[in-house]
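Worksheet for the structure shown next.
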Amino acid sequence: MSHPEHKDDIGAKLGMWLFLFTELLLFGGLFLLYAVYLKRYPHEFATGGTQLNWVLGSANTAILLTSSLCAAMALTALQRHEMRRAMALLGATIFCAAGFMVIKYVEWSAKIGHGIYPGSEHLKAGPPGESIFFSLYFLSTGIHGLHVLIGAILLAWITVKIKSGEVNGDNYILLENGALYWHLVDLIWIFIFPLYYLIL
Amino acid sequence: MSEQHIVSNKKLTCIWLILLVLTTLTVAITRVDLGGYKVFGALTIACVKAGLVIAVFMHMKYEGKLLRWLLFLALVTLAIFIGLTFFDVLYR
Amino acid sequence: MNTQQLLSTTAAIDPLFMYIFGACLLLLLGITLVMLFFVFRYHRSRAPQPTSQVEGNLWLEIIWIVLPSLLVLAMFWYGWKEYLVLRSVPQGALPVTATARMWSWEFTYANGKSSPKLYVPIGKPVRVELVSKDVIHGFFLPAFRVKRDVVPGMANYVWFVATQSGSYDLFCSQYCGTQHSAMVTTVEAVSEEQFAVWLNQTKTGNAGAGVDGRKLATEKGCLGCHSLDGSSAVGPTFKGLFASQVKVMKEGKPLVVTADEAYLRESIRLPGATIVDGFPPIMPGNPDLPEEEVLALVEFIKGLK
Amino acid sequence: MDSLEPTQPLNNSFWNDTGKTGITSWIFSTDHKRIGLLYFYVTFGFFLTGVLLGLLLRIELMAPGRTIMGPQTYNALFTVHGVVMIFLFIIPGIPGAFGNLVMPIQVGARDVAFPRLNLLSWWLYIIGALIVLTSLFSGGGAPDTGWTFYVPFSSRTGTNVSLAVFGVFIVGFSSILTGVNFVTTIHRLRAEGMSWGRLPLFTWSLYATAWVQILATPILAITLVLIMAERLLGTGLFDPSRGGDPVMYQHLFWIYSHPAVYIMILPAMGIISDIIPVFSRKPIFGYKMIAFSSIAIAAAGSLVWGHHMFTSGMSDTAVMVFSFLTFIVAIPSAIKVFNWISTLYKGSISLEAPMLFALSFILLFSIGGLSGLILGAAATDVHVHDTHFVVGHFHYVMFGGTGFAIFAAMHYWLPKFYGRRYAEKPAVVAWALMFTGFNVLYFTMQVLGMKGMPRRYYDYLPEFANLNLVATIGSWILAAGLVIMVVNLFRGLWWGVPFEGNPWGGASLEWTVPTPPPTENFIEEPVVTHGPYDFSNTERS
Ligand code: HEA
Ligand code: HEA
Ligand code: CUA
Ligand SMILES: [Cu+2]
């Protein structure tokens, strides 16, 4: 219709944050379950945790932190009208995301190869708490991985928009919101990492 | 238009370094035997890290009061959901 | 313990109902009457123009915050106090275990005797341990104002005391599937002497060899899911089952098996192992059913040509 | 009476002022009014569907034993009735339909903050609803778990639970996005002079509701994902034989679903707060307290979910905490009721259809709310939990409360958007029938519950037969009223006499724009100079 294109960056950012709150609470439900079952099965959770590869987990943490840095720097670059730099940094972010997913894939397939996956015979035979631990692990990292994927696609789309000039140094709210989403993905991982990989 | 605030690359890099150090620290303290404090320590560090990401990477430090309050509200809500559930879990 | 003095759960809860209902009724009447009066008095035909433009009154607000607060706090406290009565089992209560499965009840007494009805002696408190074999059920005795969910893997209990002899309804209150509304039985409150006789007499009756398969199938709730006339219910029919060819899923693979004695036996004990095609895997297992009872059930099914 | 030929063309209104009138100009429109009407028709359609299912439930319960269907059908029927009513009608109902129609105009905006997101919300809602409908006719058949989807039953039953749950999941996203949109709109798009203290109370209530949508719905989303994982992957998180805890499912479910009941009632209360002053021609009594109590209900309402679990085996400490908090929520509701009634005092009350529905809302909601106090007290809840007393309670608050508020809003606001109105007399007759039938139906249910009849019972003992028959007869009276109301209302909206100017004499912004409003609502940017209930300069015209 003929709305004179109405722009409200503060409003857009407010909307994005509100959406991030919902994401936070979505994962909150899983953290709630984690807390309850950790209380009930501290031992099984500890043995479950030792079976995860903390080196790969740490590597992924570093990768995600780096990707977050790139995303934040991309925004800074865009605000300074350095379009090429911004696109390069976004490329780096997406590259990190891909690295993250590869490592995740390696981890998951190792676990599944050992017969550890939700509903597997191996877990059914083991102590109950352990099957809970791994079910939660797969759900949390799975849903988180899905968010990594969505975030990467979002950033790629924004890169295209920067290239076409639609998103630029004077109109960067889209990138700002995209970066916010990406940081949220990082934020969630900051909690998943110690809870699943380190508490043993 | 929102008032533009540009965070310098230097600052971002600094924060990134701190985050990496904190990650190493978390790994380190969970390798030594601290008993129940381990969970506590690891989560405290995670909260600090999250705070840094929110404040600097996500520019919360430069936002107005409103967003901060709302973020606080969301976090408190989550805390309450978990907290009240524990009235059941702890006393069953 | 002097059981004569014992406060029954009904006697504890009913005054609370009276109190809350009374308060609510007064409030409701008050609100309705005032509203009707205003609507009548200030109807546009009588009051063409509003005669006041007040926008609020702090004192009124304070009053109608504070008074209701006090009222509901009293309700809360009273409700909580009586709830504790429901949770505190008097000493020396008779222990009974209620086992709920889709869709039948079974009550087991300390001496191993079991029954599909809950027999209790008058004047003696009864503590019922609630055990579920499958999904969540609910143990509900309206006459005694007690109810508790029967959650698998959870040690729930209720207690009550019957002060008068009689037969009281016992419902399953938590939705549990197709025959939820048929999961109804009774509490039979009898005198202490009658109870003692019943408890010992039936015990000997069950231990012998000749277990009646049909009776057992009714009591264990088999017939809630399995028909005897060839019609398909929640589970496959028993009619003509023996020696027939059954299509099943075993460990995720389709298979055709002959329903011989061993198959029936396994289906009763561990129904999850082979799932008949077209049926959900919801049959509760009976791993600790006494051997002679399994035999009796198998014989019974064999007999249904 | 009403003239039957279409007289007044809808020129220069959002119906046609952009020259676009085809179906695609509606279902892909980003205009909040068009989206609002789309929501209205779909949600109301689901309401009629659900109500028809309710009628069937009552016919089955008319007599003990089998009346018209078997147990499995009955179980599927109340599940679908509950799911349709809750997730497809009552939760999206007011925010989606009347929130979209009215709220942007009330704050003086041209549209919501994110018009395209708004359209996406509507589409998500439609897609989710279609998935839910598909689940009824595919796979293992209509789900038979009750709208609460309690595990372990829901993870075992052979019916099509996964798909239904997935549909609800999508609908949940729609609800979240609506919440995000409304909060942003109310924060950012208020017109000049529209301070927080001048927001109409309907907008205030939507604001409080939107927060609940934002903060509680994600928990439902994850819970539903967990059910699907339980069924499809065998995660065993709630399976006791594998260390899971079924009661944890109930916590997660009610963490959302209790706040959800306030998603249902808060906007309804907002409607009532807007209608009562207009038909009394008097400022609302205690504006600030009513606005504040909406926030208080939203906040405190998020803390009481455990009262659905008093008998579940939850710890006694938790029972105490949740029972206490439950009583706290009753207080802001009481504040509202008292303020509404005080508004009538020394007013000039006109008993037209919207006002009749609004006043009966107060009574029915009070009955429902007061029966909520019985449920909130731990010891009495033990007796009536999972009986028809609870069924009576929630129909009083949901149908007598929210439902009647929606009827009020339909008679109050819809003519504004159609430029035509319904006939008054049949509307009053319909109201009288519905009010009577309603009480015969649901009060009887509460008595049944007190006598111990459990809910979700396909069959019952003979001692409950008479009362069940009475309730069923009540449902027919209710049905008669509803049919009259629907026919009269829509006949009026499409072919009725013109509705122009400001016939109710409302003072909030939506009554200052042309009837029906143009696409961009305001011909020039409004500047607000007085509160929404200041009738000194408005006349009925
Ligand atoms: C619109 C929806 C809605 C609303 C507004 C409410 C409002 C309330 N509800 Fe209800 N409730 C439901 C929908 C709703 N409920 C549903 C759907 C279920 C069943 C779910 C299921 O199991 O399927 C349910 C179940 C339910 C239960 C669980 C019952 C059980 O399963 O055992 C409880 C228990 O505490 C409860 C309590 C309350 C209370 C205290 C309020 C309060 O908010 C009410 C406050 C209102 C008043 C108090 C009346 C008005 C005030 C006055 C007249 C002034 C005087 C008042 C005082 C002095 C206090 N509700
Ligand atoms: C907004 C919510 C809402 C509304 C309006 C209703 C409306 C009705 N409900 Fe409701 N009900 C629920 C929400 C609602 N229900 C929920 C959430 C449950 C719990 C489900 C569960 O346990 O999981 C429930 C459960 C429930 C039960 C309990 C089932 C049980 O536990 O065994 C019963 C039983 O009588 C019932 C009956 C009715 C009736 C008779 C109506 C009446 O209002 C209907 C009156 C009928 C009419 C007025 C018909 C009018 C006819 C037309 C208008 C025809 C026009 C149609 C076309 C042209 C297509 N409902
Ligand atoms: Cu068992 Cu309902
Ligand atoms: Cu509730």
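Within every chain, numbering begins at 1; the chains are lettered A, B, ... in the order of the sequence lines, protein sequences first and strands thereafter. We use all heavy atoms of the structure for the numbers below, so side chains are in, but hydrogens, waters and symmetry mates are not.
Chain C forms the most heavy-atom pairs under 4.5 Å with one residue out of D:Ala377, D:Pro152, D:Pro246, and that residue is D:Pro152. Each of D:Asn339, D:Ile335, D:Ile284, D:Val337 has some count of heavy-atom pairs under 4.5 Å with chain C, and the biggest count is that of D:Asn339. Contact count against chain C (heavy-atom pairs under 4.5 Å) is highest for D:Leu351 among D:Asp381, D:Thr157, D:Asp534, D:Leu351. Across D:Lys282, D:Lys346, D:Met289, the residue that shares the most heavy-atom pairs under 4.5 angstrom with chain C is D:Lys346. For the set C:Pro68, C:Ala182, C:Ser69, C:Ala12, the entry with the most heavy-atom pairs within less than 4.5 Å of chain D is C:Ser69. Considering only heavy-atom pairs separated by less than 4.5 Å from chain D, the leading option among C:Glu82, C:Glu55, C:Met154, C:Gln49 is C:Glu55. Ranked by non-hydrogen atom pairs under 4.5 Å with chain D, the options C:Ile13, C:Asp134, C:Val151, C:Leu60 are led by C:Asp134. The candidate with the highest count of non-hydrogen atom pairs below 4.5 Å against chain D, out of C:Ile65, C:Leu27, C:Leu58, is C:Ile65. The choice from D:Gly347, D:Pro240, D:Gly286 that makes the most heavy-atom pairs within less than 4.5 Å of chain C is D:Gly347. With chain D as the partner, the residue from C:Thr9, C:Leu84, C:Ile20 showing the most heavy-atom pairs under 4.5 Å is C:Ile20. Heavy-atom pairs under 4.5 Å with chain D were tallied for C:Ala155, C:Gly79, C:Ala23; the largest tally goes to C:Gly79. Residue with the most contacts toward chain C among D:Met450, D:Glu463, D:Lys288: D:Met450 (heavy-atom pairs, distance under 4.5 Å).
When heavy atoms are compared at a cutoff of 4.5 Å, C:Leu86 approaches chain D solely by way of its side chain, counted from C-beta outward. Looking at C:Gln53, the atoms closer than 4.5 Å to chain D (heavy atoms on both sides) sit in the backbone and in the side chain alike. Using a 4.5 Å cut-off between heavy atoms, D:Phe310 contacts chain C through its backbone alone, with no side-chain atom that close. Looking at D:Thr145, the atoms closer than 4.5 Å to chain C (heavy atoms on both sides) all sit in the backbone: N, CA, C or O. For C:Leu130, no part lies under 4.5 angstrom from a heavy atom of chain D. With a threshold of 4.5 angstrom between heavy atoms, C:Phe140 approaches chain D through side-chain atoms but not through N, CA, C or O. Heavy atoms of D:Phe78 lying under 4.5 Å from chain C belong exclusively to its side chain. In this structure, chain D has no heavy atom under 4.5 Å from any part of C:Val85. For C:Val39, the parts lying near chain D are the backbone and the side chain together; criterion is any non-hydrogen pair under 4.5 Å. Of the two parts of D:Ile367, the backbone and the side chain both hold a non-hydrogen atom closer than 4.5 Å to a non-hydrogen atom of chain C. For C:Met75, the parts sitting under 4.5 Å from any heavy atom of chain D are the backbone and the side chain alike. When heavy atoms are compared at a cutoff of 4.5 Å, C:Leu73 approaches chain D solely by way of its side chain, counted from C-beta outward. Heavy atoms closer than 4.5 Å to chain C are found in the backbone of D:Val151, but not in its side chain. Of the atoms belonging to C:Pro152, heavy atoms from both backbone and side chain fall under 4.5 Å from chain D. Using a 4.5 Å cut-off between heavy atoms, C:Cys176 touches chain D through its backbone atoms (N, CA, C, O) alone. Residue contact with chain C, scored on non-hydrogen atoms closer than 4.5 Å, involves the backbone of D:Tyr287 exclusively. Looking at D:Phe279, only its backbone comes within 4.5 Å of chain C, counting heavy atoms on both sides.
Pairs engaging residues 148-158 of chain C under the side-chain hydrogen bond (donor to acceptor under 3.5 Å, both in side chains) rule: C:Tyr83-C:Arg148, C:Asp149-C:Gln174, C:Asp149-D:Thr311 [sequence neighbours left out].
Both tests do not hold together for D:Arg455 against C:Tyr175: distance to the six-membered ring centre under 6.0 Å, angle to the ring axis within 45°.
Under the ring-ring contact (aromatic ring centres under 6.0 Å, His included) criterion, D:His388 pairs with no residue, sequence neighbours left out.
Between D:Leu344 and C:Tyr42 there is no side-chain heavy-atom pair separated by less than 4.5 Å. For the pair C:Val248 and C:Phe279, the minimum side-chain heavy-atom distance is 4.5 Å or more. Annotation: side chain of D:Met314 is in contact with side chain of D:Val319 (closest heavy-atom distance under 4.5 Å).
Relative orientation of the C:His180 and D:Tyr457 rings is perpendicular, given thresholds of 30° and 60° on the angle between their planes. By the 30° and 60° cut-offs, the orientation of the rings of D:Phe443 relative to D:Tyr396 is perpendicular. The aromatic rings of D:Tyr249 and D:Phe238 stand perpendicular to each other, their planes meeting at an angle above 60°, with 30° marking the opposite boundary.
With no hydrogens or angles considered, no side-chain donor-acceptor pair links C:Tyr19 and C:Asp14 at under 3.5 Å. No side-chain donor from either of C:Thr97 and C:Glu129 sits under 3.5 Å from a side-chain acceptor of the other. For C:Thr237 and C:Ser227, the side-chain atoms include at least one donor-acceptor pair closer than 3.5 Å. Side-chain contact, C:Arg44 with D:Ser348: a donor N or O sits under 3.5 Å from an acceptor N or O.
Here the two rings, on C:Phe171 and C:Trp105, have centers that are 6.0 Å apart or farther.
Shown here for D:Pro277 and D:Pro283, the closest heavy-atom pair between the two residues is CB-C, 4.4 Å.
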Evaluation steps, side chain to side chain contact (heavy atoms under 4.5 Å, CB included), between C:Val135 and D:Tyr150: CA-CA 9 Å; C:Val135 300; D:Tyr150 271 17; over 6 Å; no
Test side chain to side chain contact (heavy atoms under 4.5 Å, CB included) applied to D:Ile276 and D:Ile362, step by step: CA-CA 11 Å; D:Ile276 287 187; D:Ile362 300 183; 3.6 Å; yes
